[in-house]
Amino acid sequence: LYRPFYLQLTNIPFINYSIQKPCGPFDVDKLSSIQKQTQAKLRIQMDGNKCGGTPIQLQLKEKKKKGYCECCLQKYEDLETHLLSEQHRNFAQSNQYQVVDDIVSKLVFDFVEHERDTPKKKRIKYSV
Ligand SMILES: [Zn+2]
């Protein structure tokens with residue numbers, strides 16, 4: 001009915017009891033690559049210290065960008081651009097979230113609700 005799905009490895013998973021504890025027992029195959037990764041991470045961290053930790057943040061952002069929007073049933077290349085697209089904004093402002101609101105309306109609000117700080121108060125705080 002559906003196309004078969006394969007996985008071919010040079011080494012199939014092997015339970016490694018001798019590896020130190022928090023490590024997964026299947027890490028043995030990747031041990032060399034993990035060492036490389038940790039070395040790379042250390043390098044990134046060292047670089048990050050030099051230029052304010054930007055490399056790690058950039059990498060994370062790039063990974064998050066691409067994806068699929070379940071509201072628009074559409075793939076997107078860049079998350080931020082998609083969120084600003086007309087189709088997505090129409091959905092975000094539509095009544096499609098009624099199902100969420102219906103559930104939220106059954107919850108009890110029991111936090112202390114403060115009045116909004118007026119801008120004047122904030123300015124005083126910052127100036128002190
Ligand atoms: Zn969308």
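Ligands are counted one by one from 1 in listed order, and the atoms in each one are counted from 1 as well.
Summarising the hydrophobic clusters (Ile, Leu, Val, Met, Phe, Trp, Tyr; side-chain heavy atoms under 4.5 Å, direct or chained), the residues clustered with Tyr68 are Leu73.
Note: Tyr97 and Phe91 have perpendicular aromatic rings, judged against thresholds of 30 and 60 degrees for the angle between ring planes.
In this structure, Lys66 NZ and Leu79 CG are separated by 13.5 Å, a value rounded to the nearest 0.5 Å. Summarising the geometry, atom NE2 belonging to His82 is positioned 7.0 Å from atom SG belonging to Cys71; distances are rounded to the nearest 0.5 Å.
Around the Zn ion (ligand 1), protein N, O or S atoms at less than 2.8 Å number 4.
If you chain together hydrophobic residues whose side chains sit under 4.5 Å apart, Phe109 and Val112 never meet in one group.
Using a distance-only test at 3.5 Å, with no hydrogens or angles considered, a donor-acceptor pair links the side chain of Asp27 to the main chain of Gly24.
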